[in-house]
2 protein chains.
Amino acid sequence: MSDSGIKNMEQFAAISGISRPTVSKYFNDPDSVRRSSRERIEAAIDKYNYRPNIYAMNQNRAMTKNIGIVVPLLSDTYFAEIARNLEQHCIDAGYRPTMFSSHGDPKFEVEILDNLRSLKPAGVLIAPLGRASNRDVLEKFCEDVPTLIFDSKVGEIGIEFVGSDNVQFARDITDYLCRSGEPPCFFEMKTPANPNAHRRRQSYLDAMASFGFEPQVISIEGEGWAFEEIGFRGANDALARKLFSTNTILCSNDRLAIGFLTACYENGLSVGRSEGDAIRVAGQDGHRLTRYTCPPLTTVSHNYEAVSLQAAKALFAAIDGEENPWKSTRIEGKLILRASA
Amino acid sequence: MSDSGIKNMEQFAAISGISRPTVSKYFNDPDSVRRSSRERIEAAIDKYNYRPNIYAMNQNRAMTKNIGIVVPLLSDTYFAEIARNLEQHCIDAGYRPTMFSSHGDPKFEVEILDNLRSLKPAGVLIAPLGRASNRDVLEKFCEDVPTLIFDSKVGEIGIEFVGSDNVQFARDITDYLCRSGEPPCFFEMKTPANPNAHRRRQSYLDAMASFGFEPQVISIEGEGWAFEEIGFRGANDALARKLFSTNTILCSNDRLAIGFLTACYENGLSVGRSEGDAIRVAGQDGHRLTRYTCPPLTTVSHNYEAVSLQAAKALFAAIDGEENPWKSTRIEGKLILRASA
DNA sequence: CCATATATTTTACGCGCGTAAAATATTGAT
DNA sequence: ATCAATATTTTACGCGCGTAAAATATATGG
């Protein structure tokens with residue numbers, strides 16, 4: 001019964017006994033028509049299952065109800081999780097979200113922005129690739145479309161920036177590791193895709209300095225987004241070369257840490273904070289699988305819900321015309337203590 | 001310079017010295033206009049960066065170039081991976097894919113199909129939730145829109161079914177486990193969301209019978225898609241109750257196996273196929289992180305590329321008008337031997 | 001070079017809906 | 001009941017493009 005013979009709003013309006021423009025108003029905001037009209041329209045909708053043609057709706061409208069959600073990599077559970085949260089917030093607010101993944105490639109990112117323009121979105125939520133992003137394209141896009149950048153800050157552009165407080169992440173976990181055992185070294189990619197990695201490293205250095213400990217940073221080779229593999233190889237290599245001056249490793253992120261744990265396992269190093277353990281390993285991000293590594297990984301978790309809610313609300317406010325000065329909102333993470341450190 | 005004053009195809013056509021309908025033809029198929037026209041149009045595109053209004057393009061067209069890709073859960077790396085592959089195939093074939101996640105909830109699945117109708121897609125690729133899917137809605141949708149169901153078969157509906165050969169998965173790994181040590185028991189969820197789980201169990205039973213071994217199936221409680229947690233709890237419980245009559249565990253899928261490994265770790269059971277190891281654990285799916293579990297997990301991997309390619313090609317053929325009888329294509333997986341078994 | 005077949009472009013019209021402005025209905029106070 | 005003020009509906013027009021049919025250009029064969 002999905003096609004009940006009603007082809008357009010004209011016919012639907014005729015059958016429900018209301019003028020077409022009133023029906024049009026109803027679909028844009030059910031509360032903008034008289035109660036009696038609304039009831040008649042809704043009865044007719046139930047009866048004939050009519051939906052307006054979405055293309056005709058949007059073609060002559062300055063701004064649609066579409067919102068684009070762009071992340072660097074949907075197969076990364078962190079981004080999948082936050083994208084899911086954002087999607088729900090958009091739906092709840094009456095928007096039509098569409099998700100896009102840059103697949104770790106700046107060319108795709110540019111292409112997505114290009115396609116997004118033609119969708120005439122009311123707004124866009126984007127987690128840029130970071131270092132690899134085309135800043136000019138992104139900046140131009142922000143000028144043309146209400147855009148909120150989250151996760152990785154790329155200049156002071158867009159409505160505002162919302163992300164995690166990576167300084168606090170690294171400070172708190174460094175603090176914890178120093179108090180509970182040997183001071184950690186910092187294990188990271190030499191050329192990380194994501195600028196947050198730099199903040200975490202710097203915060204680690206600052207924390208170590210404030211405690212009066214000598215810091216050590218191990219920067220490993222590797223390009224791309226296969227962090228587990230990069231961490232695994234890097235750890236194997238560093239272990240073979242006995243690079244570590246401490247038994248405690250703070251990884252720049254959880255996925256590197258997962259690779260690190262595998263290297264420890266294959267090198268016969270027992271990971272943990274107990275007497276007989278050889279090494280302590282911690283991560284950062286609160287990756288969903290860190291609970292199930294062996295041993296479970298000590299980490300700092302993003303506050304997914306707070307980040308996505310803040311990002312969504314700020315975008316909606318901007319769409320509604322609120323003019324606020326650019327700002328950066330950084331949300332604290334939560335230390336999660338597990339057996340690995 | 002994105003807005004160069006050109007507002008519509010009329011103006012663009014005038015400037016490039018070609019009639020508007022010819023320009024329209026060009027955008028629908030650049031090869032359908034004379035070479036000289038094409039070159040002039042492309043020069044003008046470069047110069048003025050004009051793009052047709054996507055809504056106006058689609059509102060008066062029987063069929064769009066949109067393709068919907070629907071998966072049960074985008075945060076599950078298996079679906080994220082296969083969705084990514086499908087997306088690329090659609091783009092390569094000149095379609096505009098849009099990804100949707102049912103978030104494990106049949107209500108969302110129905111809602112997505114409902115929204116999809118109004119997008120007037122040329123076709124849809126859907127991995128249904130499975131057991132929980134609303135079959136009537138899905139069947140009706142398949143009648144109205146060219147739809148290809150993949151991963152989980154739900155009746156003989158849609159263009160064809162494309163998925164992995166789960167019978168072969170379980171047979172081959174059971175075979176391997178029997179030959180290389182004690183025959184395995186089968187560890188699964190009692191009420192799995194995905195019908196493939198049943199095929200795997202049955203195939204395990206058949207394989208065991210053919211070898212003349214006594215099968216054992218451990219079916220654990222748990223609802224939803226948090227498979228690692230369900231596997232972890234189920235394994236803890238089963239280990240405590242000493243339910244296993246063998247030292248070899250074949251898990252119904254990798255995510256259950258990841259939880260199982262964690263339980264082994266926390267119970268002090270060393271997992272592996274070496275002399276001193278207490279237990280062997282294997283999974284099925286080829287989850288991307290199984291390489292980095294401790295120990296790395298023996299599994300059967302989906303042939304992601306073959307599944308997605310077959311699904312995409314079949315859909316495109318149907319969109320192009322090819323009428324083929326419904327069929328089921330099941331693609332073999334590849335045994336991946338690692339340290340866990 | 002001409003006639004015919006074919007490829008390409010142009011003419012002409014309509015799709016389904018948004019929206020300003022005009023017309024009408026409703027409300028509230030007197 | 002009356003009248004202004006306000007809420008709601010209707011009139012009237014146009015958005016940007018797809019597409020069938022008509023007109024024209026190009027290719028082919030003799």
Side-chain angles (χ1 to χ4, degrees), chain A residues 2-42 44-45 48-66 94 96 117-122, chain B residues 2-42 44-45 48-66 94 96 117-122:
Chain A
S2 74
D3 43 333
S4 32
I6 293 183
K7 288 293 170 196
N8 58 33
M9 199 180 274
E10 190 83 50
Q11 295 177 21
F12 176 78
I15 287 190
S16 46
I18 312 260
S19 76
R20 191 186 59 71
T22 301
V23 174
S24 171
K25 279 201 75 178
Y26 168 84
F27 277 108
N28 284 307
D29 178 5
D31 288 321
S32 69
V33 302
R34 200 173 302 164
R35 168 184 279 278
S36 62
S37 307
R38 175 172 172 172
E39 280 163 1
R40 288 161 73 186
I41 291 171
E42 286 176 347
I45 290 176
Y48 300 103
N49 196 34
Y50 166 77
R51 307 283 148 125
N53 178 313
I54 202 168
Y55 301 105
M57 276 180 63
N58 286 328
Q59 68 73 275
N60 190 27
R61 168 143 74 182
M63 185 172 289
T64 68
K65 280 285 188 178
N66 298 329
R96 296 179 53 101
R117 279 180 193 278
S118 58
L119 285 179
K120 297 185 192 300
Chain B
S2 73
D3 42 332
S4 34
I6 293 183
K7 288 292 169 197
N8 57 33
M9 199 180 274
E10 189 83 49
Q11 295 176 22
F12 176 78
I15 286 190
S16 48
I18 312 261
S19 75
R20 190 186 61 70
T22 300
V23 174
S24 171
K25 278 202 77 177
Y26 168 85
F27 278 108
N28 283 307
D29 178 5
D31 287 322
S32 68
V33 302
R34 201 174 303 165
R35 169 182 278 278
S36 62
S37 307
R38 177 174 170 169
E39 281 163 1
R40 287 163 73 187
I41 291 171
E42 286 176 347
I45 290 176
Y48 301 104
N49 195 34
Y50 166 77
R51 306 284 148 126
N53 179 314
I54 202 170
Y55 301 105
M57 275 179 64
N58 286 327
Q59 68 75 276
N60 190 26
R61 170 142 73 181
M63 186 173 287
T64 68
K65 281 283 187 179
N66 299 329
R96 297 179 52 103
R117 279 180 193 277
S118 58
L119 286 180
K120 296 184 193 301

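Chain letters run A, B, ... following the sequence lines, proteins first and then strands; every chain starts at 1.
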If I take atom CD in residue B/Glu10 and atom P in nucleotide C/dG14, what distance separates them, rounded to the nearest angstrom?
17 Å
5'-most contact on DNA chain C: A/Arg34 or A/Phe27, nearest heavy atom basis?
A/Phe27
Between D/dC17, D/dT9, C/dC15, spot the one nearest the side chain of A/Ser37, thanks.
D/dT9
Would you kindly say whether B/Arg61 and B/Asn28 are connected by a side-chain donor-acceptor distance under 3.5 Å?
yes
Within less than 4.0 Å of OP1 or OP2 of D/dC17, is there a side-chain N or O belonging to B/Tyr50?
yes
Is any side-chain heavy atom of A/Asn8 closer than 4.5 Å to one of A/Asn53?
no
Measure from the side chain of A/Val33, starting at C-beta and using heavy atoms only, and say which of C/dG16, C/dT9, D/dT9 lies closest.
D/dT9
Winner on side-chain proximity to B/Thr22, out of D/dT9, D/dG18, C/dT10, is C/dT10
5'-most contact on DNA chain C (nearest-nucleotide basis), B/Gly17 vs A/Ser24, goes to B/Gly17
For B/Asn28, answer base if it contacts any base atom (sugar-phosphate contacts may also be present), sugar-phosphate if it contacts only those atoms, and nothing otherwise; contact means non-hydrogen atoms under 4.0 Å.
sugar-phosphate
Counting side-chain heavy atoms from C-beta on, which of D/dG16, C/dC15, C/dG18 comes nearest to B/Asn8?
D/dG16
Given atom NZ of B/Lys65 and atom C1' of D/dG18, what is their separation to the nearest angstrom?
14 Å
Integer-rounded Å distance: D/dA12 C1' and A/Asn60 CG:
14 Å
Rounded interatomic separation in angstrom, taking CD1 from A/Ile54 and P from C/dG18:
11 Å
Between C/dT9 atom C1' and B/Arg40 atom CZ, what is the distance in whole Å?
12 Å
Could you label the plane-to-plane angle of the A/Phe27 and A/Tyr50 rings as parallel, tilted or perpendicular, counting under 30° as parallel and over 60° as perpendicular?
perpendicular
Where the side chain of B/Ser19 is defined as all heavy atoms beyond and including C-beta, which of C/dT10, C/dC17, D/dC17 is the nearest nucleotide?
C/dT10
Rounded interatomic separation in angstrom, taking CG from B/Asn53 and C1' from C/dG18
13 Å
Output the rounded distance in Å from CG (B/Asp31) to C1' (C/dT8).
14 Å
note: B/Lys120, atom NZ; C/dG16, atom C1'; distance rounded to Å ~ 10 Å
Proximity to the side chain of A/Arg20 - top-ranked nucleotide from D/dC15, C/dT9, D/dC13:
D/dC13
Report yes if some heavy atom in the side chain of A/Val33 is under 4.5 Å from a heavy atom in the side chain of A/Ile18; otherwise report no.
no
For residues A/Glu42 and A/Tyr26, is any side-chain donor paired with an opposing acceptor at under 3.5 Å?
yes
Looking at every strand, decide which applies to B/Pro21 at a 4.0 Å heavy-atom threshold: base, sugar-phosphate, or nothing.
base
